[in-house]
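Accompanying notes for the structure given below.
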Amino acid sequence: MRRGDTSERASRRQRRFIDRSPPSSVTILDSMASTISHIETFAADYPVAGHFKFFDSGRGPTAVRPTIVVKIVADDGTTGWGQAVPSQRWSYETPETVRSTIDRYLAPELIGRDSSDLAGAHAAMNRAIAPSFSTGQPLAKAGIDLALHDLAGKATGRTVAELWGRPPGGTVELSWTLNPQTLDEVAGQIEIACQQGYRSFNVKVGNTVEADLALCREVRRAAPQAFVWVDANGGYDEASALTIAPRLADLGIAAFEQPLPANRLRGLRTLKRQGALPIVLDEPIVSRVDLEEFLGLGLLDGVTMKVSRCGGLFESLATMKLIEDSGLFWLGSGLTDPDISLAASLVLFAAFGLERPAALNAPQFLTTSILKSPLAVTDARCAVPTDPGLGVIVDESSLRDE
């Protein structure tokens, strides 16, 4: 079905999809008359250019960003594509666990289900893989979720943003990730970024206070006018975070992302009360419920949104609506998401009018694509795909199924 199809069937599909979007109550409408008939997974590894701590194997010069690509086919032949982006140095999910979880536990629960029933699909996945502190194995579930969104958009001839009732298209400005191994590398990395039009930097910290301050001073020396925030990925203890926060503020750092481990709730509250920098949380905000609780406990000033971390677009939409209703400061980021997963992030961030550069760094670090028309960055901006669904076309010949 092509974009702009006005058939009654397409209209029913769109209404059903929207009415099942969180956090609204679910209204049972006419069935799509389309069910999930087949779910298949593929391994897709992307070579990594340069050093990035989450993909440095420590076993030689070649590093890869592993992903699992998900193909969902409905009984009417409509196909949706998703992508899971595990990173065992960031969370507990690995390519092996993602694939076995989808193949052995999630797919069997979804075969035969209405392909437009996003709420029902997530309920079924959450029964199959129970939560830990929050959603269980969200990166695996994100692969399924993105494929279902892509399928629903293609079935109705609309972009995912249009399914949400939001404007499609636009562009998203990107930031450059700074993760140098020595201070001598900083100026050169910033020069390369500026040559490509980048004007914003997210800096990986979480080492020692003095080493990280030296790094941020060098960043400020080389890019005095840039928008800069730091991301500790939970690397500090409370005392170190309290010490460094006001000194980072003196350097003009805009925000302090995930200064403490996700379970250090009292420390996060103390940092927020210190007030030196906006405390922006990432790893613990896996669902809308998590954000409600952390917000109610006074632990944060803002959120870094990651589609994959939230188990896909379904829960990300609910979380973004709470952010919007609460007037929270928010940043966009990812897990070095390529291709399909990158497209999903672009769709979400543009649909909610992201005002600040997003730390979507796959174009910076990854060198290949599985798309027939790869997403391109021009002057640090990436266009949001505007074809139906997630707007990208997978070159299936580039995938392997072993």
Start with the C-alpha gap between Ile393 and Trp81, add the side-chain angles, then the distance that decides, and say whether side-chain contact (heavy atoms from CB on, under 4.5 Å) holds.
-> CA-CA 9 Å; Ile393 301 175; Trp81 291 91; over 6 Å; no

Check whether the side chains of Glu283 and Trp90 place a donor and an acceptor atom closer than 3.5 Å, and report yes or no.
-> yes

Is the backbone N or O of Glu162 less than 3.5 Å from a side-chain atom of Thr159, with the two atoms forming a donor-acceptor pair by type?
-> yes

Leu213 and Val209: side-chain contact (heavy atoms from CB on, under 4.5 Å), yes or no, with the steps?
-> CA-CA 6 Å; Leu213 285 172; Val209 169; 3.8 Å; yes

Does Val203 reach the side chain of Trp229, with side-chain heavy atoms less than 4.5 Å apart?
-> no

Looking just at side-chain N and O atoms, do Glu315 and Ser287 make a donor-acceptor pair shorter than 3.5 Å?
-> no

With sequence neighbours left out, write down each residue that passes salt bridge (Lys or Arg N to Asp or Glu O under 4.0 Å) with Asp395, or none if nothing qualifies.
-> none

So the salt bridge (Lys or Arg N to Asp or Glu O under 4.0 Å) pairs with at least one residue in residues 131-153 (sequence neighbours excluded) are Asp150-Lys154

Could you tell me whether the side chain of Thr156 and the main chain of Gly153 form a donor-acceptor pair under 3.5 Å?
-> yes

Partner set under side chain to side chain donor-acceptor pair (under 3.5 Å) for Gln88, not counting sequence neighbours = none

Would you check if the side chain of Ser37 reaches a backbone N or O of Val73 as a donor-acceptor pair within less than 3.5 Å?
-> yes

Could you tell me which residues satisfy salt bridge (Lys or Arg N to Asp or Glu O under 4.0 Å) with Arg269, sequence neighbours excluded, listed by chain and number?
-> none

Pair Thr319-Arg288, side-chain donor/acceptor within less than 3.5 Å = no

Side chain of Asp114, backbone of Ser116: donor and acceptor closer than 3.5 Å?
-> yes

Would you say the side-chain atoms of Gln196 pair up with the backbone N or O of Ala193, donor to acceptor, closer than 3.5 Å?
-> no

Kindly write out the residues that satisfy salt bridge (Lys or Arg N to Asp or Glu O under 4.0 Å) with Glu191, not counting sequence neighbours, or none if the list is empty.
-> none

By side chain to side chain donor-acceptor pair (under 3.5 Å), which residues pair with Ser308, not counting sequence neighbours?
-> Asp337, Ser341

Look only at the side chain of Ser200 and the backbone of Phe227, and say whether a donor-acceptor pair between them is shorter than 3.5 Å.
-> yes

Identify all side-chain donor-acceptor contacts of residues 346-361 below 3.5 Å with residues at least two apart in sequence or on another chain.
residue : atom : partner : partner atom : Å
Arg356  : NH1  : Trp330  : O            : 3.2
Asn361  : OD1  : Thr336  : OG1          : 2.9
Asn361  : ND2  : Thr177  : OG1          : 3.0

Spell out, as yes or no, whether a donor-acceptor pair under 3.5 Å connects the side chain of Arg309 to the backbone of Asp282.
-> yes

side-chain contact (heavy atoms from CB on, under 4.5 Å) between Leu313 and Trp164, intermediate numbers included = CA-CA 11 Å; Leu313 288 165; Trp164 295 337; 3.8 Å; yes

Would you say the side chain of Glu40 lies within less than 4.5 Å of the side chain of Val70, judging by non-hydrogen atoms?
-> no

Pairs involving residues 363-379, ordered by first then second residue, that meet side chain to side chain donor-acceptor pair (under 3.5 Å) (sequence neighbours left out) | Asp339-Ser369

For Gln225, does the CD atom sit with more than 12 other heavy atoms under 6.0 Å from it, leaving out its own atoms?
-> no

To the nearest 0.5 Å, how far apart are CG in Leu106 and CG in Asn126?
-> 9.0 Å

Presence of salt bridge, Asp45 and Arg65, under 4.0 angstrom | no

Any chance you could lay out the side-chain hydrogen bond (donor to acceptor under 3.5 Å, both in side chains) test for Ser240 and Asp237, step after step, and finish with the verdict?
-> CA-CA 5 Å; Ser240 297; Asp237 58 30; 2.8 Å; yes

Side chains of Thr182 and Asp184, donor plus acceptor under 3.5 Å = no

Kindly compute the distance separating SG (Cys194) from CZ (Arg199), expressed to the nearest 0.5 Å.
-> 9.5 Å

Can you list the residues that meet the side chain to side chain donor-acceptor pair (under 3.5 Å) rule with Thr171, with sequence neighbours excluded?
-> Arg381

Distance col, row Asp301:CG vs Leu328:CG, nearest 0.5 angstrom, shows 8.5 Å

Partner of Gln83 under side-chain contact (heavy atoms from CB on, under 4.5 Å), picked from Ile68, Ile370, Leu342, is Ile370

Inter-residue atom distance Arg266.CZ - Leu260.CG, 0.5 Å rounding | 12.0 Å

Min side-chain heavy-atom separation Arg113-Asp117 under 4.5 Å = yes

Any side-chain heavy atom of Asp231 within less than 4.5 Å of one from Asn202?
-> no

Donor-acceptor side-chain pairing of Ser34 and Ser115 below 3.5 angstrom = yes

Under 3.5 Å, is there a donor-acceptor pair between the side chain of Thr78 and the main chain of Ala74?
-> no

Are Leu335 and Lys306 close enough, and set up right, to give a side-chain contact (heavy atoms from CB on, under 4.5 Å), and what steps lead you there?
-> CA-CA 8 Å; Leu335 293 170; Lys306 282 187 170 78; 3.7 Å; yes

Short question: side chain of Glu93, backbone of Leu139 - any donor-acceptor pair under 3.5 Å?
-> yes

Glu396: what forms a salt bridge (Lys or Arg N to Asp or Glu O under 4.0 Å) with it, not counting sequence neighbours?
-> Lys71

Check the surroundings of atom OH in Tyr105: do more than 12 heavy atoms from other residues, nucleotides or ligands lie under 6.0 Å from it?
-> no

Any chance you could lay out the side-chain hydrogen bond (donor to acceptor under 3.5 Å, both in side chains) test for Thr208 and Glu210, step after step, and finish with the verdict?
-> CA-CA 6 Å; Thr208 68; Glu210 291 307 319; over 6 Å; no

Near Phe133 CZ, under 6.0 Å, is it more than 12 heavy atoms from other residues, nucleotides or ligands?
-> no

Using side chain to side chain donor-acceptor pair (under 3.5 Å) as the criterion, list what pairs up with Arg217, not counting sequence neighbours.
-> none

May I ask you to check whether Asp212 and Asn207 show a side-chain donor-acceptor distance below 3.5 Å?
-> yes

Side chain Arg158, main chain Leu163, donor-acceptor under 3.5 Å | no

Check ion pair Glu324-Lys321 (N to O, under 4.0 angstrom) | no

With a 4.5 Å limit on heavy-atom distance, are the side chains of Leu281 and Leu268 in contact?
-> yes

State, with a plain yes or no, whether a side-chain heavy atom of His122 is found less than 4.5 Å away from one of Ile144.
-> no

Residues two or more places apart in sequence or in another chain: which of them pass ring-ring contact (aromatic ring centres under 6.0 Å, His included) with Tyr46?
-> none

Would Thr94 and Glu96 count as having a side-chain donor-acceptor pair, cut-off 3.5 Å?
-> yes

Interatomic spacing from OG1 in Thr270 to CG in Leu299 - rounded to 0.5 Å = 9.5 Å

